[in-house]
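A quick write-up on the structure given underneath.
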Amino acid sequence: MPKLKLPAPPLPPPLRPAPKRPGVPKQGPLDAAADAGAHVVDWVDERTSLSGGLRWMMFRKVPKGTNWFYTLGSATMFAFLSQAVTGVFLAMYYRPDAAGGAYESVRHINDDVFLGEFVHGMHKWGSSVMVILIFLHMARTFFFGAYKYPRELNWVIGVALLILTMAMSFTGYLLPFDQRSYWATVVGVNINGTGPLVGPYLSDFLRGGAEFGATTLSRFYAIHMMLIPGALGALIGAHLYLVAKLGTTAPPWIKAQPAEELVEERA
Amino acid sequence: MNRQEKEAYLREYSVLKAQGKPFFPYAVAKDSAMACIVMLAIILMSILLGAELGPKADPTTTTYTPRPEWYFFFLFELLRVIKPSELVPLATIGVPTVCMILLFLLPFYDRGAERRPERRPIATLAGIFTIAAMGYLTYMGASAGPPTQIDMPTPAAIIAQGPKVVQQYEAGRQVVAQSGCLACHKIGENGNDGPGPPLTDIADRLPAAGIQRTLLNPTAPMPSFARLQKDHPEKFNALVAFLGRLKSG
């Protein structure tokens, strides 16, 4: 295809584009785009110094021998992200109203909203997937002895994440406010109430009073979508920071080989 | 782990790390593949299993059994294993709390330098035992079907008292089944053995008035039936009458 060249518009001399300086290499659109990208990155980095941290995070070495078992942690985090995204979409329609609005809004999500039941199902079954993954991740950590020095603190944070995940499931179960969720939660709260010392106070706190009522639902809703997710996010951040800082373990049966030139020397 | 072992580990680890590959793109590629599998699993489950919404919550009548999300079954079943009532707080809060504390403190009491599972027999066996116990309890919880009916013959003594008594007895049986009592109590061959006591011959131990008192002011975790008495007194009376006739022999 022959190059299309537009005729120069009849502009007065001061407005005409300056003729190109000789000696400067011609820039194609791709070069210009790359330049613009580098410029944006520079702009952000000049203000945040993020690139160093990113390089530290992304280009750290992962020890020899890591296998598919090592993807369980990131998979758990991914399941959490999926829960967060689908949860936000559900929150756009959900009303924590024990008088019937809660049940009605979930019915509305299921029956009327475009892809509503699909997103609700992803949130519901995603919780099972997340719990399975977090237990598998913990089993890997346990059997590989990865909780030992120097990663003790990361194990402790991980157990806190496990408990928060279970608490997330417990508080989320009530929200559809159907028979199943209502009665399972009544029993669950009563079980908490049998605990020694703090038991009765804990179940009073969860119920928002002595009776199971409107306050209970809004309380569970607030715990489910503000308190625990915030804590989960912060602890996942700490967990990840420690993973990057201390490094993932190698499988315990992998032994460090001396460098090749040393082996040859010995032979 | 003493200082020497710590240093040996760090030395070994730094060699392994130096011989490894960078996180990006090698580990990231694996993690992304796993993320795709997780996403696919969630989407498939959502499409195949849907998001069922049961009947609306109704604090008075209950045609359901209080069942938690499946991954709490093992905790729920624990209540059934530990029977005596004075030990119930121990089962409900005690055992899980102790397990949690043991889990939190694991790296502080398991301080050996060995990491290979086959050379840490105590830890490995404890782990396998825990997984097996949780699996078994979850299976037990899942296979204890939803007990919504009570399958037992009406005793001859009740039939002999005339059709009116039989009618009340049958109505009471219906209320018991619908109230989810069988989730925690056993009546004859029906229901779960615990955490509540068996009700097969409850009338031998408690008069009807005592049963009524227990229904209105139960010990946790049993829910109170005061709302039922207020809103549907005939159902509540049938419930008391039915339970008050559960005698041995």
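Proteins get letters first, then strands, A, B, ... in listed order; numbering begins at 1 in each. Hydrogens, waters and symmetry mates are skipped; everything else that's a heavy atom, side chains included, is used.
Looking at B:Arg115, its side chain never comes within 3.5 Å of a backbone N or O of A:Pro251 through a donor-acceptor pair. In this structure a side-chain-to-backbone donor-acceptor pair under 3.5 Å is present from A:Lys148 to B:Glu114. When atom types are taken as modelled, the side chain of A:Tyr182 and the backbone of B:Lys56 share no donor-acceptor pair closer than 3.5 angstrom.
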Discussion item. As a quick check of understanding, evaluate side-chain contact (heavy atoms from CB on, under 4.5 Å) for A:Val62 and B:Tyr26, giving each step before the final call.
Written reply: CA-CA 9 Å; A:Val62 172; B:Tyr26 297 97; over 6 Å; no
Item to complete: Take B:Lys30 and A:Trp68 through the test side-chain contact (heavy atoms from CB on, under 4.5 Å) and record every step on the way to the result.
Response: CA-CA 7 Å; B:Lys30 262 186 191 171; A:Trp68 283 96; 3.7 Å; yes
Discussion item. Go through it in stages, so that I can follow the logic: the residues are B:Thr124 and A:Phe142, the test is side-chain contact (heavy atoms from CB on, under 4.5 Å), and I'd like the CA-CA distance, side-chain angles, deciding distance and then a yes or no.
Written reply: CA-CA 8 Å; B:Thr124 304; A:Phe142 180 81; 5.8 Å; no
Discussion item. For B:Phe108 and A:Val156: C-alpha separation, side-chain torsions, deciding distance, then whether side-chain contact (heavy atoms from CB on, under 4.5 Å) applies.
Written reply: CA-CA 10 Å; B:Phe108 303 104; A:Val156 171; 3.8 Å; yes
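Contact of B:Arg119 with chain A is not made at all, since no heavy-atom distance falls under 4.5 Å. With a threshold of 4.5 angstrom between heavy atoms, A:Leu72 approaches chain B through side-chain atoms but not through N, CA, C or O. The contact between B:Met134 and chain A is made entirely by side chain atoms (from C-beta outward), counting heavy-atom distances below 4.5 Å. When heavy atoms are compared at a cutoff of 4.5 Å, A:Leu81 does not approach chain B at all. For B:Ile131, the part lying under 4.5 angstrom from a heavy atom of chain A is the side chain only. Within the 4.5 angstrom heavy-atom criterion, atoms from both the backbone and the side chain of A:Ala160 approach chain B. For A:Tyr70, the part lying under 4.5 angstrom from a heavy atom of chain B is the backbone only. Looking at B:Leu10, only its side chain comes within 4.5 Å of chain A, counting heavy atoms on both sides. Both the backbone and the side chain of B:Phe104 come within less than 4.5 Å of a heavy atom in chain A. Heavy atoms of A:Tyr173 lying under 4.5 Å from chain B belong exclusively to its side chain. For A:Ser127, the parts sitting under 4.5 Å from any heavy atom of chain B are the backbone and the side chain alike. For A:Thr185, no part sits under 4.5 Å from any heavy atom of chain B, backbone or side chain. For chain A, the nearby part of B:Tyr13 is the side chain; its heavy atoms alone come within less than 4.5 Å. Both the backbone and the side chain of B:Ala35 come within contact range of chain A, with heavy atoms under 4.5 Å apart. Residue A:Leu153 does not touch chain B at all, counting heavy-atom pairs closer than 4.5 Å. Within the 4.5 angstrom heavy-atom criterion, atoms from both the backbone and the side chain of A:Arg107 approach chain B.
Separating the OG1 atom in A:Thr249 from the OH atom in B:Tyr9 is a distance of 6.0 Å, to the nearest 0.5 Å. Interatomic distance, OH of A:Tyr149 versus CD of B:Glu7, reported as 8.0 Å (0.5 Å rounding).
Chain B forms the most heavy-atom pairs under 4.5 Å with one residue out of A:His120, A:Met77, A:Met130, and that residue is A:His120. Top candidate by heavy-atom pairs under 4.5 Å with chain B, chosen from A:Phe212, A:Phe135, A:Phe177, is A:Phe177.
The shortest distance between side-chain heavy atoms of A:Val131 and B:Glu69 does not fall below 4.5 Å.
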